[in-house]
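Note that this is a predicted model, so its numbers are computed, not measured.
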Amino acid sequence: MFKIEPSNFIEEEINKDLESGKAKEVITRFPPEPSGYWHIGHIKAITINFETAKKYNGFTYLRMDDTNPSKEDGDFANSYMSDLKWLGYQPKSLIYASEAYFDKIYQLAEELIQSGNAYVDEQSAEEISQSRGSLTTAGKESPYRNRPKEESLQMFRDMKAGKFADGSVVLRAKIDMAHPNMNMRDPVIYRVLRTHHYRVGDKWCIYPMYDFAHPLEDALEGVTFSLCDMSFEDHRPLYNWVLEKCWKKPYPPRQIEFARLNLENVLLGKRFLKQLVNEKKVIGWDDPRFLTIVGMKRRGYTAQGIKDFIKSAGVTKSDSIIPLSALDFHIRNDLNMIATRAMVVLDPLKVIITNYTGSEEIEIENNPNAENAGTHKGTFSNIIYIEKEDFSLNPPPKYNRLVEGGIVRLKGAYIIKCNKVVMAENGEIDHLECEYLPNTKSGQDNSGIKCKGTIHFVSADNCFEVTIREFENLIKDEYIDPIKALADGVELDDMLTPNSLKESTALAENFLKTAKVEDKFQFIRKGYYCVDKDTTNERMVFNKTISLKDSFKMPKL
RNA sequence: AGGGGUGUCGCCAAGCGGUAAGGCACAAGAUUUUGAUUCUUGCAUGCGUAGGUUCAAAUCCUGCCACCCCUGCCA
């Protein structure tokens with residue numbers, strides 16, 4: 001058999017199982033509870049499950065782990081399918097555990113009672129909690145623990161039939177109240193809960209707990225490797241116990257855990273995102289400052305860039321916190337290859353070309369780094385706008401943009417020379433008077449003039465106003481690990497960067513008028529931007545995805 | 001009477017007994033009509049720590065230390 005070269009510890013484990021015959025194929029699953037939007041952390045888990053199966057010629061199911069109707073909502077399942085599609089993953093099928101497995105899981109629970117491995121407990125939630133013991137002391141056995149199994153079975157059936165009030169009784173696995181692993185101290189595996197289920201309605205008034213349902217869902221589905229994050233490590237003994245007692249078939253699924261993704265200055269917890277949405281501190285779940293899938297998509301991040309980043313972060317079991325610059329790198333890297341170049345002046349300074357009249361066509365490369373990207377037309381005329389920061393009255397060292405009496409190349413057009421700075425009454429520069437140098441036009445320059453700087457511009461007869469939204473990180477720089485800061489008692493509000501969303505107006509070349517929502521551009525020398533969905537017929541809105549790298553250190557004035 | 005994990009460069013991460021890959025970040029230089037991209041170059045006598053085994057140890061053994069996770073009728 002063709003040997004697959006492992007690229008991480010999970011694949012090494014899979015190879016071992018395949019070679020020893022413990023497993024025959026690689027079938028995985030991604031099992032969200034439909035209760036919130038996915039974020040970049042989920043993408044790691046999604047990527048690992050999908051990519052691993054693909055590598056071994058297997059496949060992956062998308063399974064709604066909907067065992068708790070009080071937290072779940074059907075709307076999410078559809079958003080998950082579209083998120084997966086955006087990421088480029090196609091699940092074998094979409095399965096609702098509630099529909100597909102609840103009957104079978106119930107039946108297996110009855111069998112577990114019959115084999116003497118589960119019992120109905122009438123203690124209150126508080127009593128169960130108290131009798132569980134502590135990390136260093138053993139728990140106490142329930143007085144109902146050794147009731148006859150026939151009695152437990154009858155009561156379990158009565159639970160299902162609705163004869164018990166919510167919370168009055170539970171089904172517990174009979175394992176070991178003195179087990180060093182708290183999860184093994186007779187865990188609750190079924191509870192009574194009368195809440196309408198978004199999928200199966202009121203068919204059930206009892207619901208299996210995660211620890212009982214999950215291994216059985218995996219097994220019933222034919223999943224062979226259940227890849228999850230390390231918070232489930234302590235649950236693995238229970239996962240295996242359930243399979244051993246209830247499944248008893250060859251090739252049971254194997255759970256393998258990996259470390260979660262953490263990013264510096266990023267808060268991903270559903271609770272916090274929700275708080276920010278509810279308190280209107282952000283635009284919504286798809287706020288471009290959020291690293292939710294919908295947020296990143298709106299921000300202009302590409303699925304490819306995100307996946308490249310995820311892959312670069314590796315798959316291990318060690319705790320880590322990765323700087324945002326690593327994500328930035330992969331986003332820029334992908335955008336560089338696909339974003340169309342355009343000229344947009346974010347902070348305009350008017351320039352009059354005194355020795356030029358009329359207007360002429362210029363040509364701008366759509367992407368010098370991509371073959372066959374083509375060009376688009378712009379214009380050069382006697383009135384143009386350049387970036388304020390591209391002219392200086394008191395140029396710092398190594399400043400190679402425009403200065404009084406100096407020259408600079410206009411991207412795609414001519415070299416101009418600044419002859420006069422016209423001041424306004426308020427002491428600021430009103431406009432510049434420049435002359436263009438004939439015979440220096442881009443592509444047909446035979447002047448021999450050397451010019452060290454090139455700046456972008458728009459022509460007055462070929463531009464329009466657009467709205468630009470720029471974003472700063474939601475979390476202040478000093479809170480590298482916001483989870484920890486929260487644990488240390490810092491308030492969420494105190495960690496937020498003030499005014500992290502800024503709106504401004506810019507002048508864009510007319511070429512951009514036809515752009516559609518989500519279209520991605522590089523505004524030459526500035527950064528990557530995309531069209532926001534708030535764009536209307538009257539006004540285009542661009543989100544700044546990320547700046548270009550800038551190694552020129554402009555000294556502070 | 002606790003248990004389960006993890007420690008290799010500022011941040012990730014390879015390494016699986018034969019003498020420390022790679023990426024990010026950072027720094028210097030080259031090319032450039034984007035101060036972008038691209039390209040060079042530099043960046044751990046050192047692998048949490050102390051011992052031990054061995055011709056040879058990040059890799060094996062022993063003891064310490066640090067950090068993370070676990071006491072929902074959540075997933």
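Partners of A/Tyr356 under the ring pair (Phe, Tyr, Trp, His ring centres under 6.0 Å) rule, at least two apart in sequence or in another chain, are A/Phe380, A/Tyr436. Here A/Arg525 pairs with A/Asp390 under the side chain to side chain donor-acceptor pair (under 3.5 Å) rule; sequence neighbours left out. Take A/His456 and apply the ring pair (Phe, Tyr, Trp, His ring centres under 6.0 Å) test, not counting sequence neighbours, and it matches no residue. Scored by the salt bridge (Lys or Arg N to Asp or Glu O under 4.0 Å) test, A/Glu264 finds no partners at all (sequence neighbours excluded). Every residue two or more places apart in sequence or in another chain was checked for a side chain to side chain donor-acceptor pair (under 3.5 Å) with A/Tyr301, and none qualifies. Looking at residues two or more places apart in sequence or on another chain, you find no side chain to side chain donor-acceptor pair (under 3.5 Å) involving A/Lys307. For A/Phe457, there are no ring pair (Phe, Tyr, Trp, His ring centres under 6.0 Å) partners, not counting sequence neighbours.
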Per-nucleotide protein contact along nucleotides 7-16 of chain B, 5' to 3', at a 4.0 Å heavy-atom cut-off (B base, S sugar-phosphate only, - neither), is ----SSSS-B
Using nucleotides 57-59 of chain B, report all nitrogen or oxygen pairs with the protein that are shorter than 3.5 Å.
none

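Near RNA chain B, meaning a heavy atom under 4.0 Å away, the residues from residues 63-72 of chain A are A/Asp65, A/Thr67, A/Asn68, A/Lys71. Within residues 118-134 of chain A, the residues having any heavy atom closer than 4.0 Å to RNA chain B are, in order of number, A/Gln123, A/Ser124, A/Ala125, A/Ile128, A/Ser129, A/Arg132, A/Gly133, A/Ser134. Non-hydrogen atoms lying under 4.0 Å from RNA chain B are contributed by A/Asn336, A/Arg341, all within residues 333-346 of chain A.
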